[in-house]
Q: 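Following this message is one structure expressed as structure tokens.
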Amino acid sequence: LPFLYGKKEVRPTRIFNLFLRLYIPYLWVLILCSSISILTGYTTLHTPTEYIKAFLIGSQTELKETVGFNFPWFMPAFFFLSLSIFIKDISTRWSKIVILLILLYGLFVLFYMASTSPNAVYSLSCISRGAAYFFLGYAANYFIIRKQARLHTAPYKYLIGLIFIICVTGQAILQKYYTTLSEHDLPYALGYGITEILAPIAALCLLYGFREGLSKQKFLRFIGNLSFEIYCFHVIILNVLWKITDTFGISSTPVTAGIIFLLTCILSIATAYVLKRITPLHKLLFPRGIKR
């Protein structure tokens, strides 16, 4: 997705502002998650060294073991991904060297995870999947740049929509019947691999083709403006609600799941909206840059 945000002039202040925008929420979200996990007995109190290690590495495994939630990995990952894009656009040598050193630190963390993990192969597979998603974003952006004019024409965007539906349906069918297809592992793997690559690219191109109409929807613009805030609260609220249902012995049914998910959406959006209205607190928890 960073490839789709457009190019802006890269300055040291912009990189520092990005650091503030991502790492300040990352810090207090981890503290909040850890407090909830300890109070509910999901995790025990760890040593300061373990918390610092989890904070710096930012992997799903480390965060899950220490703070009980793994979703905040997105914030440090997004920061390093953005740096890898920035380095192409920087003209000054010293700025490039600084960013390169930070990127080397990021790579060191990845290899440290792979070498010290009880399951090193799994750690490496996570890294390779990250590289695959990076490729998908790049491929989608390349296709959008090349086909901008066509993506807004009815036949073209409906064709892409059809490709997306076929891919997602194909994935659902392959997943459901995989256990009965053990004698056809290679065709299954090929079919699933192709649809897994095409589906997200088709989805991004489809949204791009319809973006003029979608951008006029007030509710979608409202959600878009609060997307990061909603992200920070959504998973926490979802887990707390599931903990409550377990405590009161409410059975897990599709109806319960639907109600919990709907309630989570309402509460996370409402929390983000109320926080946005309390300007001083919002600026403290979600700073946009050094001036704030």
Q: Any link between L159 and L151 through a network of hydrophobic side chains (Ile, Leu, Val, Met, Phe, Trp, Tyr) touching at under 4.5 Å?
A: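 The answer is no; the residues belong to distinct hydrophobic clusters.
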Q: State yes or no: do L162 and V168 share one hydrophobic cluster built from I, L, V, M, F, W and Y residues joined by side-chain heavy-atom distances below 4.5 Å, directly or via other members?
A: no
Q: More than 12 heavy atoms of other residues, nucleotides or ligands under 6.0 Å from CZ of F222: is that the case?
A: yes
Q: Which heavy atom of I201 sits nearest to which heavy atom of A140, and what is that distance?
A: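 Looks like CG2-CA, 4.2 Å.
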Q: Which label fits F210 and Y158: parallel for a plane angle under 30°, tilted from 30 to 60°, or perpendicular past 60°?
A: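 Plane angle between 30° and 60°, so tilted.
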Q: Please state whether the rings of F16 and F19 are parallel, tilted or perpendicular, taking 30° and 60° as the class boundaries.
A: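 Ring orientation of F16 relative to F19: parallel.
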Q: Hey, what do you get for SG (C265) to NE2 (H234), rounding to the nearest 0.5 Å?
A: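 If I round to the nearest 0.5 Å, the distance is 5.0 Å.
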Q: Ignoring hydrogens and geometry, is there a side-chain-to-backbone donor-acceptor pair from Y51 to V67 under 3.5 Å?
A: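 No: the side chain of Y51 does not pair with the backbone of V67.
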Q: Are Y273 and L263 linked, directly or through other ILVMFWY residues, by side chains that come within less than 4.5 angstrom of each other?
A: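 As far as the 4.5 Å side-chain criterion goes, L263 and Y273 are not connected within one cluster.
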Q: Below 30° counts as parallel, above 60° as perpendicular, anything between as tilted: where do the rings of W28 and F286 land?
A: perpendicular
Q: With a 3.5 Å cut-off and no angle check, do the side chains of E50 and T47 form a donor-acceptor pair?
A: yes
Q: Does the cation-pi check pass for R146 over F143, that is, NZ or CZ under 6.0 Å from the six-membered ring centre and within 45° of its axis?
A: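 Not satisfied by the 6.0 Å and 45° rule.
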Q: Tell me whether Y192 at atom OH has more than 12 heavy atoms from other residues, nucleotides or ligands lying less than 6.0 Å away.
A: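 Above 12, so yes.
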Q: Can you confirm whether T264 sits close enough to I260 that some side-chain heavy atom of one is under 4.5 Å from a side-chain heavy atom of the other?
A: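 A side-chain contact under 4.5 Å exists here.
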Q: Decide whether I166 and L198 are clustered together by the hydrophobic rule: side chain heavy atoms of Ile, Leu, Val, Met, Phe, Trp, Tyr closer than 4.5 Å, transitively.
A: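 No, I166 and L198 fall in different hydrophobic clusters.
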Q: Verify the distance criterion only: is there a donor paired with an acceptor across the side chains of S34 and S37 at less than 3.5 Å?
A: no
Q: Is the Y231 ring parallel, tilted or perpendicular to the F228 ring (thresholds 30°, 60°)?
A: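 Rings of Y231 and F228: parallel, as their planes differ by under 30°.
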